[in-house]
Visitor: 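I am attaching a structure below and will ask some questions about it afterwards.
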Amino acid sequence: MAEKTIREPARELPVAGDYDLCVLGGSCTGVFAAIRAARLGLSVALVERMGSFGGVATLSLVNIWHSDLDEAFEKRIFAGLSLEMVERLRRRDAVQDSLRSGAARWIFNSAEMQIELDEVVTEAGIDPWLHTAFCAPWVEDGRLAAVIVENKSGRCALRARFFIDATGDGDLCHRLGLAGRVAAHFQPGTACALVSGWESVGQAPWREIVARQADAHRMPKGFIWSAPVPGTDLRMLAGTRVGEDCSDARGLTRAEIEGRRQIRAIQDILREHVPGSRVGLAGLPARIGIRETRHIDCLHRLSGEEVLHGKRFDDAIANGSYRVDIHHRDKPGITFRYLDGRETYTRHDQPPVEGRWRAAQAVDPTYYQIPYRCLIPQGPYGNLLAAGRFIDADEQAHAAIRVMVNMNQTGEAAGVAAALALRGGVAAAAVDPRQLRATLREGGSVIL
Ligand SMILES: Cc1cc2nc3c(=O)[nH]c(=O)nc-3n(C[C@H](O)[C@H](O)[C@H](O)COP(=O)(O)OP(=O)(O)OC[C@H]3O[C@@H](n4cnc5c(N)ncnc54)[C@H](O)[C@@H]3O)c2cc1C
């Protein structure tokens, strides 16, 4: 009978670098963490397993950032590196603005964003490691001392005094054995595509057509939307729905294959059922877009109640106004919940259902906050922070905070907190939130 395990022999590994900070995961979350830390004088390594930075914004083609204004479109709630990036993209004609839109404040060109991220990483003097996957933590005398990574050159270790896990799935925290969970109703993934010939769809009710034909093509009745790609004739199309656990190797593999199958199915439906349609497949994502996998237990779990009631926190490091946005895995369509109490359930094959999740009240909150404590993993490692979609939030809170402009702020906060922890010789949990908020503000963040 075949043995169920094999024992990998112990071996000496070269230490390929020694840094103040090592950031794992190179989406804007990780890049912005690295930049904020580098601007405060830290030597920083940035490790990304794919060939470019940007995460979902580039590799998965998702090209919309949400509003920097509160839900009333009156007060600015964030700035920082998100706005710096928008200004850089604007110089390339690679971004479209829409000031008073809760759906899409900025639509950008993901390819231009990829190159822009290379430039900001280089300008900040960060040591980039592309095509380099985090494999395992290295703990010495109870302290996280290095990470083991694997790339074309083989395996090596990167030493650092502090670590930020920005891998989306919390790979470092998970492999350290820290407590966490995959949400019971985690949101499904979506493989997006770039299509040409979109003008040929014209005014046809294409969403309804795709929904009506879904069963015949073994497609879940999800939610389908599209956006222009500034500077091109292409369109980004997001309409697939894949309910696999993408923090599991087999699940991720099935998700990639099923996502691409569904892209083809949508293309076939449009060609066959929209008269005159000549939609062509111009590009696939480097990785399926993943909305949710693990969450790590941190010093605070942000709740949907706290988000929807706009609770204020003394240690708030991020502000958001994007609605609770639930892509259902177990039924068609999506649910939106707004801070003003409205709720909408939308599916393309039926009229939307408008209602309220709470009664009307005299004054509504117009934005919510993310406290620093949601970034501090429980456990013995004081030189570790979480940033990005796996921070501690319940399913409803996650459904709002998961959007990129919010995750970008968690990255910036983690980078600044790492610098303050190292400067003060203290653990992440002992960083003074007043100092953290003041330093974030000095660096360009909006702190409310
Ligand atoms: C289809 C879809 C549509 C969405 N629409 C929007 C939208 O319109 N607007 C919006 O703002 N948000 C949207 N979101 C949500 C948003 O994109 C994500 O929640 C957000 O990007 C998560 O950011 P992150 O940095 O945590 O993770 P990611 O963007 O997934 O980045 C994680 C990075 O870590 C890297 N990585 C992972 N594991 C390792 C490892 N072991 N070693 C090294 N590197 C590793 C990955 O390659 C990746 O670059 C959407 C999400 C999806 C899936």
Side-chain angles (χ1 to χ4, degrees), residues 19-40 42-48 55 80-81 126 134 137-139 143-147 158-180 294-302 313 315-318 369-393 401 406-433 435-437 439-440 443 445:
Y19 307 89
D20 294 322
L21 172 67
C22 178
V23 179
L24 300 178
S27 70
C28 288
T29 310
V31 171
F32 290 2
I35 292 175
R36 290 298 287 254
R39 286 184 182 174
L40 291 170
L42 269 55
S43 61
V44 185
L46 177 58
V47 176
E48 167 55 49
L81 288 170
I126 294 160
F134 157 75
W138 181 254
V139 175
R143 184 174 173 81
L144 179 58
V147 287
L158 300 176
R159 278 192 174 277
R161 297 160 66 208
F162 203 100
F163 296 83
I164 294 173
D165 184 346
T167 58
D169 303 314
D171 284 1
L172 171 57
C173 295
H174 179 67
R175 302 243 172 121
L176 279 165
L178 301 183
R294 300 183 192 109
H295 292 274
I296 294 296
D297 294 352
C298 293
L299 299 189
H300 181 77
R301 178 166 305 162
L302 190 64
F313 295 95
D315 61 339
I317 46 80
Q369 297 194 311
I370 303 174
Y372 174 53
R373 283 165 288 164
C374 292
L375 279 56
I376 307 172
Q378 291 180 21
Y381 305 105
N383 60 342
L384 169 67
L385 280 169
R389 64 175 156 78
F390 73 98
I391 64 169
D392 209 349
I401 68 167
N406 294 340
M407 298 298 93
N408 295 350
Q409 294 175 77
T410 67
E412 292 186 62
V416 169
L420 294 178
L422 290 177
R423 196 184 285 166
V426 297
V431 169
D432 179 354
Q435 199 189 0
L436 173 58
R437 284 162 51 84
T439 314
L440 278 164
S445 300

Visitor: Between Ala387 and Ala414, what is the shortest heavy-atom contact and its length?
Guide: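 Shortest heavy-atom contact: CB-CB, 4.1 Å.
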Visitor: Compare all side-chain heavy atoms of Val431 with those of Ile376 and state whether any distance is below 4.5 angstrom.
Guide: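 With C-beta onward as the side chain, the pair stays apart.
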Visitor: Which heavy atom in Phe390 sits nearest to a heavy atom in Gly168, and how many Å separate them?
Guide: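 For Phe390 and Gly168, the tightest heavy-atom pair comes out as CB-O, 3.3 Å.
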Visitor: Got Ile126 and Val31 here, is their nearest side-chain heavy-atom distance under 4.5 Å?
Guide: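 Counting from C-beta outward, Ile126 and Val31 never come under 4.5 Å.
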Visitor: What are the two closest heavy atoms between Leu40 and Ala419, and how far apart are they?
Guide: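 Closest heavy-atom pair between Leu40 and Ala419: CD1-CB, 3.7 Å.
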Visitor: I'd like to check Ile391 versus Ile370 (side-chain heavy atoms, cut-off strictly below 4.5 Å). Are they in contact?
Guide: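 Touching, per the 4.5 Å side-chain cut-off.
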Visitor: Taking only residues two or more places apart in sequence, or in another chain, which ones meet Asp169 in a salt bridge (charged side-chain N to carboxylate O under 4.0 Å, His left out)?
Guide: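 In terms of salt bridge (charged side-chain N to carboxylate O under 4.0 Å, His left out), with neighbours along the sequence ignored, Asp169 is linked to Arg389.
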Visitor: Atom SG of Cys28 and atom CD1 of Ile35: how far apart are they, to the nearest 0.5 Å?
Guide: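 Answer for the SG-CD1 pair, Cys28 versus Ile35, is 8.5 Å.
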Visitor: State, with a plain yes or no, whether a side-chain heavy atom of Leu302 is found less than 4.5 Å away from one of Pro371.
Guide: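 Yes - at least one pair of side-chain heavy atoms lies under 4.5 Å apart.
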Visitor: Could you grab the distance from atom CE of Met407 to atom CD1 of Ile401, nearest 0.5 Å is fine?
Guide: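 Taking CE in Met407 and CD1 in Ile401, the distance rounds to 4.5 Å.
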Visitor: Mark yes or no for whether Asp165, through its side chain, and Thr167, through its backbone, hold a donor-acceptor pair below 3.5 Å.
Guide: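 Side chain of Asp165 to backbone of Thr167: a pair is present.
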Visitor: Are the side chains of Leu385 and Tyr372 in contact, using a 4.5 Å heavy-atom criterion?
Guide: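 They are in contact (side-chain heavy atoms under 4.5 Å apart), so the answer is yes.
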Visitor: State whether the side chain of Arg143 and the backbone N or O of Arg161 hold a donor-acceptor pair below 3.5 Å, judged by distance alone.
Guide: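 At least one qualifying donor-acceptor pair exists.
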Visitor: Looking at side-chain heavy atoms only, is the closest gap between Leu384 and Leu178 below 4.5 Å?
Guide: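 Touching, per the 4.5 Å side-chain cut-off.
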Visitor: Less than 4.0 Å between a side-chain N and a carboxylate O, is that true for Asp171 and Arg294?
Guide: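 Salt bridge between Arg294 and Asp171, a charged N being under 4.0 Å from a carboxylate O: yes.
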Visitor: Taking atom OH of Tyr381 and atom CG of Leu144, what is their separation to the nearest 0.5 Å?
Guide: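 Here the rounded value is 7.5 Å.
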Visitor: Using the ring-ring contact (aromatic ring centres under 6.0 Å, His included) criterion, which residues pair with Phe313? Sequence neighbours excluded.
Guide: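 ring-ring contact (aromatic ring centres under 6.0 Å, His included) list for Phe313, sorted by chain: His300.
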Visitor: Tell me, do Leu42 and Phe162 make a side-chain contact under 4.5 Å, heavy atoms counted?
Guide: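 No, their side chains stay 4.5 Å or more apart.
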Visitor: Considering all heavy atoms of both residues, which atom of Ala429 and which atom of Leu299 are nearest to each other, and what is their separation?
Guide: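 Reported closest heavy-atom pair: CB-CD1, 4.0 Å.
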Visitor: Side chains of Ile164 and Leu24: does their closest heavy-atom pair fall under 4.5 Å?
Guide: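 Heavy-atom side-chain distance check fails, nothing below 4.5 Å.
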Visitor: Can you tell me if Asp315 uses its side chain to pair, donor with acceptor, with the backbone of Arg373 under 3.5 Å?
Guide: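 Flag set: sc Asp315 to bb Arg373 pair under 3.5 Å.
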Visitor: Tell me if a side-chain donor or acceptor on Asp20 pairs with a main-chain N or O of Ser43 at a distance below 3.5 Å.
Guide: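 Pair found, side chain donor or acceptor close to backbone of Ser43.
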Visitor: Which atom names give the shortest non-hydrogen contact between Gly388 and Thr410, and what distance separates them?
Guide: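 Looking at all heavy atoms of both residues, the shortest contact is N-OG1, 3.1 Å.
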Visitor: Let me see the working for Glu412 and Val416 under side chain to side chain contact (heavy atoms under 4.5 Å, CB included), right down to the final yes or no.
Guide: CA-CA 6 Å; Glu412 292 186 62; Val416 169; 5.6 Å; no
Visitor: Any donor-acceptor pair under 3.5 Å linking the side chain of Asn408 with the backbone of Leu81?
Guide: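 Not at all, since once roles are kept as given, no pair shorter than 3.5 Å links the two residues.
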Visitor: Quick one: list whatever passes salt bridge (charged side-chain N to carboxylate O under 4.0 Å, His left out) with Arg159, sequence neighbours left out.
Guide: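 For Arg159 the salt bridge (charged side-chain N to carboxylate O under 4.0 Å, His left out) partners, ignoring immediate neighbours, are Glu140.
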Visitor: Passes side chain to side chain contact (heavy atoms under 4.5 Å, CB included), Phe163 versus Asn383? Steps please.
Guide: CA-CA 6 Å; Phe163 296 83; Asn383 60 342; 4.1 Å; yes
Visitor: Would you name the heavy atoms of Cys298 and Cys374 that are closest together and state the gap between them?
Guide: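 So the two residues come closest at SG-O, 3.3 Å.
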Visitor: Between atom CG of Leu440 and atom CZ of Arg36, what is the distance when rounded to the nearest 0.5 Å?
Guide: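 Going from the CG atom of Leu440 to the CZ atom of Arg36 covers 5.0 Å.
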Visitor: For a side chain to side chain contact (heavy atoms under 4.5 Å, CB included) check, start with the C-alpha distance between Val426 and Asp432, then their side-chain angles and the critical distance, and finish with the verdict.
Guide: CA-CA 10 Å; Val426 297; Asp432 179 354; over 6 Å; no
Visitor: Quick one: pull up CZ in Phe134 and CG in Leu172 and give me the separation to the nearest 0.5 Å.
Guide: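 Those atoms lie 4.5 Å apart.
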